[in-house]
There are 2 protein chains.
Amino acid sequence: MIAQWLCYNRSETFRGEQAQHKSMARRHNIDGRPTIAQIARIAGVSVPTVSKVLNGRADVSLPTREKVERIIEEYGFVRNRAARALRKGKTGLVDLLLPRLDDEYYLPILEGVAQVLREAGLRLVLTATDYKPEEEVRWITTVTDHSTDGILVVLPSERAIEQLERSGLPFVLIHNQGGLQATAPSVRITSWEGGFVATTYLLRLGHQRIAYIGKTSPARDAIERIAGYRAALDAAGLPLMPELECDGDFTEASGYQATLRLLELPEPPTAIFAGNDRQAAGVYRALHERGLVVPEQMSVVGFDNLPYTEIMNPPLTTIHAPRLELGRTAATMLLRLINGEQLEMPRVVLPTHLVERQSCSPPRQQQE
Amino acid sequence: MIAQWLCYNRSETFRGEQAQHKSMARRHNIDGRPTIAQIARIAGVSVPTVSKVLNGRADVSLPTREKVERIIEEYGFVRNRAARALRKGKTGLVDLLLPRLDDEYYLPILEGVAQVLREAGLRLVLTATDYKPEEEVRWITTVTDHSTDGILVVLPSERAIEQLERSGLPFVLIHNQGGLQATAPSVRITSWEGGFVATTYLLRLGHQRIAYIGKTSPARDAIERIAGYRAALDAAGLPLMPELECDGDFTEASGYQATLRLLELPEPPTAIFAGNDRQAAGVYRALHERGLVVPEQMSVVGFDNLPYTEIMNPPLTTIHAPRLELGRTAATMLLRLINGEQLEMPRVVLPTHLVERQSCSPPRQQQE
DNA sequence: TTTCTTGTGGAAAACGATTTCGATTTCTTT
DNA sequence: AAAGAAATCGAAATCGTTTTCCACAAGAAA
């Protein structure tokens, strides 16, 4: 047992694996990792010449270039990023600030950002603020120290935006909560339309009593979703039914509890529009517990289109939130800003759309 | 419509928001962001003194310190990270390499790493290799340029490990695939025990015909899981049943297809051990399609304990893979290495355990 | 009063790359 | 063959911080 917990000695490994480089290095009196100056000396050229080769500049003759390239290859030289960043004023890093990392909602956003940055040869620094103001203060000071070329913030607070604008660094907001007057570059989704479309879909199926879950959250997207719901009812000439607008903080548990309350109503709804997919999962659980089957006895619509909605039973009809594109466009915009370009469209809104699966059907005749 | 797509002019914003700093800066002929030298000049001290204040050194008198601190605060000075990194040889950055970002399996690992790094005041650079060798080559050269202080790699390839050892940078492997002889510091989970425990659990419930899905993957964890399954059968005195060992590449679809094939067997199994939760979801789908109910007509066990297993219907019994701890311990080990310490336990294996939910029950009497 | 600490502060040399600009060489042109 | 143009290369400055080491002053010990 003990034998396999062999002690790992870093310097030993280093010596072992770097042997071939080491021997060459010794000949030229190099201690550790080679620098541009050492490469230059070995190649018999000047430091700027090596730099020019490294940066693919034109004013280097072919023989010189090849010689230098050979030496670089031979010694496994890689240039020191810190020195480069210092001189060029660019770090090649972009900061992405997420509220949480354990929430899979943000995953495609992250993926989208990573894709674009990778294509551009930039690297991604990830920070989770955990919704805590102290954390925000920490990253604000740590982020504005020129250690990154630009900043992407998901669900930024007002204070965060102020700090960002003050810093002078390029930044783009994702899911900006701010008021309409904010001019900062941002990417959002059409939450209102999503709410409207989902509700309209249920209305078209013939539902008259449609509940909404998710009234608690003060987030802008949540507010827009319920507003879309109300607008759709209104457009259909139906009155608002306050008893069908349930609290819900966008967790599975709140969807569960809201559903139980809805089922105890004298006249329960025939369809439930959950403000997000997690709540929809809670709705499923409550319905299953009460022995109601989806969609025959209750239609359900979610929001976000998380991956697992496909494998729910039955698969959940939901509003697709284009989260990958959210990340991609935000990153693309940021690259423009970093490049000193102007954004012709600083405030982008990405469309949502309905994904029809099997959790909805027309209501039963006469509600029993 | 057009009105709200106001053009965002970065330099304008900069001018506006930084006005109060700017005015002071102008008095002292400062153009952009202040440097240590400018702070020093304004405070009437030397550059090293400011640096000493910044680094909390002892050889600065209280009045001087306070004066400098006041100026720093007043001008909103933050030091340039690149310069600091160049001089100190440390960047304050740690690289995390993940195969994919759109796979929620890795999310808790990421979260764990982020937690530990945040506590240590380091920042996380995230890279996705996308399982592509070219990508790996790219990051290998880009990552070993001293731009990060250490590297964490999830599911590293052999070549990646070689490169890492050659680079001389501290690194820790997560889910190392390598052979037992590898001495590189790594963190894994007890996949074999997980497979053994899951299978034994089903055996104890009375199942005799237990299928396993997930034979295709060459990943070490996959191999260990099926080995654990076989060992449990063996320990129970049961023969191996090759027709019950199904191919499966750990996707939902493969779980679905494998299940359909299993159900067509002359003598189908009474329980299915899916190599991971995604495959288990496919199992559920196939069973539901065929009208079989879990667990009465088929017991199912998963592996990984992904978040959505809790809201599956019925909730899935599965093997918990401690992914958060995987990230935390790997990051903790890396910090030690960065700090120049030795690891007394360079190869850590984290325990898995069974999470009992409602997808298993004793087999029906007499199989019909 | 003299010497020895102790405490403060600064001059200058790093760190490793990039960039500017001038010097040299080579190649055309007249 | 001389003069001008083009290609090639390098010396030195620079980015902003940290670190080493030395100078100086004030207080303590002789």
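Excluded from the calculations below are hydrogen atoms, water molecules and symmetry mates; all remaining heavy atoms, backbone and side chain alike, are included. First the proteins, then the strands, lettered A, B, ... as listed; each starts at 1.
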Margin query: So, does B:Thr49 get its side chain near the phosphate of C:dG10, meaning an N or O under 4.0 Å from OP1 or OP2?
Written below: yes
Note to self: For a quick check of understanding: with a heavy-atom distance under 4.0 Å over all strands, which category does A:Val47 fall into, base, sugar-phosphate or nothing?
What the structure shows: base
Check: Touch check for B:Arg57, heavy atoms < 4.0 angstrom, all strands: base, sugar-phosphate only, or nothing?
Finding: sugar-phosphate
Margin query: Less than 3.5 Å apart, any donor N or O on the side chain of A:Asp95 or A:Thr127 sitting next to an acceptor on the other?
Written below: yes
Next item on the list: Report yes or no: does A:Asp149 contribute a side-chain atom to a donor-acceptor pair with the main-chain N or O of A:Gly92 at less than 3.5 Å?
Entry: yes
Margin query: With heavy atoms of chain A within less than 4.0 Å as the criterion, where does contact along DNA chain D begin and end?
Written below: D:dT8 to D:dG16
Checklist line | Upstream residue (5' side of DNA chain C) when B:Ala83 and B:Leu62 are each assigned their closest nucleotide | finding: B:Leu62
Notebook entry, point to check: Quick check: does any side chain N or O of B:Glu66 sit under 3.5 Å from a backbone N or O of B:Pro63, one acting as donor and the other as acceptor?
Noted result: no
Checklist line | Carboxylate-amine/guanidinium proximity below 4.0 Å for A:Arg100 and A:Asp102 | finding: yes
Notebook entry, point to check: Nearest nucleotide by nearest heavy atom, which residue falls closer to the 5' end of DNA chain D, B:Ala82 or B:Pro48?
Noted result: B:Ala82
Check: Looking for any heavy atom pair under 4.0 Å, which part of the strands does B:Arg81 touch: base, sugar-phosphate only, or nothing?
Finding: nothing
Note to self: I want to confirm an ordering. Mapping A:Asp59 and A:Ile36 to their closest nucleotides on DNA chain C, which one lands closer to the 5' end?
What the structure shows: A:Ile36
Next item on the list: Ignoring hydrogens and angles, tell me if any N or O in the side chain of B:Thr91 forms a donor-acceptor pair with the backbone of B:Ser147 under 3.5 Å.
Entry: yes
Next item on the list: For B:Arg41 and C:dG10, give me the distance from atom CZ to atom P, rounded to whole Å.
Entry: 14 Å
Next item on the list: Return the value, rounded to whole Å, for the distance between atom CG of A:Leu86 and atom P of C:dA14.
Entry: 17 Å
Item checked: Distance, rounded to the nearest Å, where B:Leu54 contributes CG and C:dG9 contributes P -> 16 Å
Note to self: Rounding to an integer number of Å, can you tell me how far B:Lys88 NZ sits from C:dA13 P?
What the structure shows: 22 Å
Margin query: Taking atom types as they are modelled, would you say the side chain of B:Arg87 forms a donor-acceptor pair with the base of C:dA14 within the 3.5 Å cutoff?
Written below: yes
Note to self: Whole angstroms only, please: what is the CG-P distance between B:Asn80 and C:dC15?
What the structure shows: 18 Å
Note to self: Would you say A:Ser51 places a side-chain N or O within less than 4.0 Å of OP1 or OP2 belonging to C:dT18?
What the structure shows: yes
Check: Reckon A:Ser61 touches a base, only the sugar-phosphate, or nothing at all at heavy-atom distances under 4.0 Å?
Finding: sugar-phosphate
Item checked: Minimum heavy-atom distance B:Leu335-B:Ala120, with the two atoms named -> CD1-CB, 3.6 Å
Notebook entry, point to check: Taking only side-chain nitrogens and oxygens of A:Asn55, does any of them come within less than 4.0 Å of OP1 or OP2 of C:dT18?
Noted result: yes
Check: Would you say A:Asn55's side chain and A:Arg57's backbone share a donor-acceptor pair under 3.5 angstrom?
Finding: no
